[in-house]
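Predicted model, so just to flag it, every value in this text is computed and none were measured.
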Number of protein chains: 2
Amino acid sequence: MKIQEVSEKYALSADTLRYYERVGLIPPVTRTLSGIRNYSELDIRRVEFIKCMRSAGLPIEVLIDYMELVQQGDATIGARKDILKEQREQLIARMSEMQKTLDILNHKIQVYESVMLEAEKQIKIEE
Amino acid sequence: MKIQEVSEKYALSADTLRYYERVGLIPPVTRTLSGIRNYSELDIRRVEFIKCMRSAGLPIEVLIDYMELVQQGDATIGARKDILKEQREQLIARMSEMQKTLDILNHKIQVYESVMLEAEKQIKIEE
DNA sequence: CTAACACCTGGAGTCGACTCCAAGTCAAGG
DNA sequence: CCTTGACTTGGAGTCGACTCCAGGTGTTAG
């Protein structure tokens with residue numbers, strides 16, 4: 001799979017895919033003889049994983065550290081688990097912040113809605 | 001309430017509070033005669049609201065637009081509601097992305113955990 | 001009255017995460 | 001063979017959201 005296909009499939013720009021590889025978020029992708037990226041199944045699974053983690057806001061630096069450990073093999077499983085657990089806690093914290101905000105948004109929208117209904121009634125009375 | 005107290009109470013730096021005011025996220029704060037910010041109840045409620053919205057990732061630009069409408073009075077209630085509804089949709093979308101990621105994190109952590117348990121057993125057998 | 005410390009402003013700097021560009025190479029159709 | 005369009009690299013630029021700084025003013029404890 002060439003870079004543009006991957007880009008389209010995962011809604012990540014080709015520039016972003018190259019950037020991810022450059023900074024070590026994704027290990028070097030398979031290439032054709034002439035040097036063009038040719039994403040393998042494994043490369044694509046990595047892109048998918050990184051996209052998912054990024055979309056939840058995990059910082060690039062943390063993911064670089066994690067992917068480095070993955071490259072180093074099974075001896076690093078403990079360290080990897082620690083990273084993921086830490087990120088899970090932070091993710092849960094962010095989600096609960098967001099839930100609070102969502103509740104407030106819902107409440108405000110509801111208030112606006114009823115204010116608008118009142119205003120409409122008022123107009124009807126005046127008619 | 002002086003800026004430092006507000007800063008401590010809401011865990012926002014004094015610089016950030018001034019920045020929010022400068023860009024219009026918060027309308028000009030009450031001042032003492034000598035020009036020092038003296039946050040009123042209302043000012044503080046605004047800080048609280050903005051902090052909450054920002055912590056859920058609502059963009060500053062959107063919040064500036066919203067706060068501008070708030071300043072313009074009741075005629076803008078419809079427009080405000082539209083903004084909030086739009087932001088609510090985006091928030092829900094982000095949260096569901098995060099839930100997916102959380103599921104994957106949980107799964108990965110669980111796999112690592114069982115891999116580590118297996119390794120331990122292996123060591124026991126070898127002993 | 002002065003030292004020390006919080007506050008002020010305008011503007012510049014930083015940081016994370018891309019995003020764009022120039023200048024060159026490669027692949028496929030006519 | 002030549003053109004056209006996708007690919008390559010290294011490096012610079014952008015964007016959102018702060019964060020810091022210099023140079024000055026206000027305030028309060030001793």
Side-chain angles (χ1 to χ4, degrees), chain A residues 1-40 43-44 46-47 49-67 87 90-91 94 97-98 101, chain B residues 1-40 43-44 46-47 49-67 87 90-91 94 97-98 101:
Chain A
M1 230 182 175
K2 278 194 281 180
I3 199 163
Q4 203 178 7
E5 299 172 89
V6 180
S7 160
E8 278 157 22
K9 186 161 177 194
Y10 293 101
L12 293 168
S13 78
D15 271 318
T16 298
L17 287 167
R18 287 191 211 102
Y19 165 73
Y20 282 176
E21 191 176 340
R22 179 157 45 162
V23 300
L25 247 181
I26 292 168
V29 164
T30 325
R31 305 284 184 123
T32 65
L33 285 179
S34 57
I36 288 175
R37 285 177 186 78
N38 185 21
Y39 289 77
S40 69
D43 294 326
I44 286 173
R46 284 162 173 171
V47 168
F49 173 69
I50 290 299
K51 178 183 172 163
C52 177
M53 296 300 123
R54 284 292 308 129
S55 78
L58 276 70
I60 280 189
E61 263 214 53
V62 170
L63 294 171
I64 290 171
D65 291 353
Y66 177 81
M67 292 305 281
Q87 292 306 308
Q90 299 201 14
L91 183 51
R94 282 201 301 279
E97 278 294 303
M98 288 165 97
T101 304
Chain B
M1 233 182 173
K2 278 193 283 181
I3 200 165
Q4 203 178 9
E5 300 173 87
V6 180
S7 159
E8 278 158 21
K9 187 161 177 194
Y10 294 101
L12 292 168
S13 77
D15 272 317
T16 298
L17 287 166
R18 287 191 212 99
Y19 165 73
Y20 281 176
E21 192 176 338
R22 184 160 34 164
V23 299
L25 247 181
I26 293 167
V29 164
T30 324
R31 306 283 185 126
T32 64
L33 286 179
S34 57
I36 287 175
R37 284 177 187 79
N38 186 22
Y39 289 78
S40 69
D43 293 326
I44 286 173
R46 285 164 173 170
V47 168
F49 173 68
I50 290 298
K51 178 185 171 162
C52 178
M53 295 301 123
R54 284 293 306 130
S55 77
L58 274 70
I60 282 190
E61 263 213 54
V62 170
L63 294 170
I64 290 171
D65 290 352
Y66 177 80
M67 292 304 281
Q87 292 306 309
Q90 299 202 11
L91 184 51
R94 283 201 300 278
E97 278 293 302
M98 289 165 97
T101 304

Exercise. Checking side chain to side chain contact (heavy atoms under 4.5 Å, CB included) for the pair A:Arg54/A:Leu12: CA distance, chi angles, key distance, verdict?
Worked result: CA-CA 11 Å; A:Arg54 284 292 308 129; A:Leu12 293 168; over 6 Å; no

For this session: Taking side-chain hydrogen bond (donor to acceptor under 3.5 Å, both in side chains) as the test, write out the residues that go with A:Arg18, two or more places apart.
Result: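 Per chain and number, A:Arg18 pairs via side-chain hydrogen bond (donor to acceptor under 3.5 Å, both in side chains) with A:Asp15.
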
Rounded to the nearest 0.5 Å, what's the gap from [atom1] on [X] to [atom2] on [Y]? Could you check?
| X | Y | atom1 | atom2 | answer |
| --- | --- | --- | --- | --- |
| A:Leu25 | A:Asp65 | CG | CG | 10.0 Å |
| A:Met98 | B:Ser55 | CE | OG | 9.0 Å |
| A:Lys9 | A:Ile44 | NZ | CD1 | 5.5 Å |

Please list residues of [range] whose heavy atoms come under 4.0 Å from any atom in DNA chain C, ordered by number; otherwise none.
| range | value |
| --- | --- |
| residues 4-26 of chain B | B:Gln4, B:Arg18, B:Arg22 |
| residues 32-40 of chain B | B:Gly35, B:Ile36, B:Arg37 |
| residues 52-66 of chain B | none |

Problem set entry | Residues B:Tyr39, B:Ile26; criterion side chain to side chain contact (heavy atoms under 4.5 Å, CB included); working and verdict | CA-CA 11 Å; B:Tyr39 289 78; B:Ile26 293 167; 5.6 Å; no

For this session: Under the side-chain contact (heavy atoms from CB on, under 4.5 Å) rule, collect the residues that match up with B:Arg22, sequence neighbours excluded.
Result: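 Not a single residue meets the side-chain contact (heavy atoms from CB on, under 4.5 Å) criterion with B:Arg22.
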
Problem set entry | Start and end of chain B contact along DNA chain D [non-hydrogen atoms, under 4.0 Å] |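 Counting from the 5' end, contacts occupy D:dA17 to D:dT27.
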
Quick one: does any side-chain atom of [X] pair with a main-chain N or O of [Y] as donor and acceptor, under 3.5 Å?
| X | Y | result |
| --- | --- | --- |
| A:Lys51 | A:Tyr10 | yes |
| A:Gln87 | A:Leu58 | no |
| A:Asn38 | A:Lys2 | no |

Exercise. Just wondering, more than 12 heavy atoms not from B:Glu5 lying within 6.0 Å of its CD?
Worked result: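 Counting other residues, nucleotides and ligands, CD of B:Glu5 exceeds 12 neighbours.
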
Exercise. Given B:Ile50 and B:Met67, is the side chain to side chain contact (heavy atoms under 4.5 Å, CB included) satisfied, shown in steps?
Worked result: CA-CA 9 Å; B:Ile50 290 298; B:Met67 292 304 281; 4.1 Å; yes

Exercise. What integer distance in Å separates B:Arg31:CZ from C:dA6:C1'?
Worked result: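 One finds 14 Å between C1' of C:dA6 and CZ of B:Arg31, rounded.
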
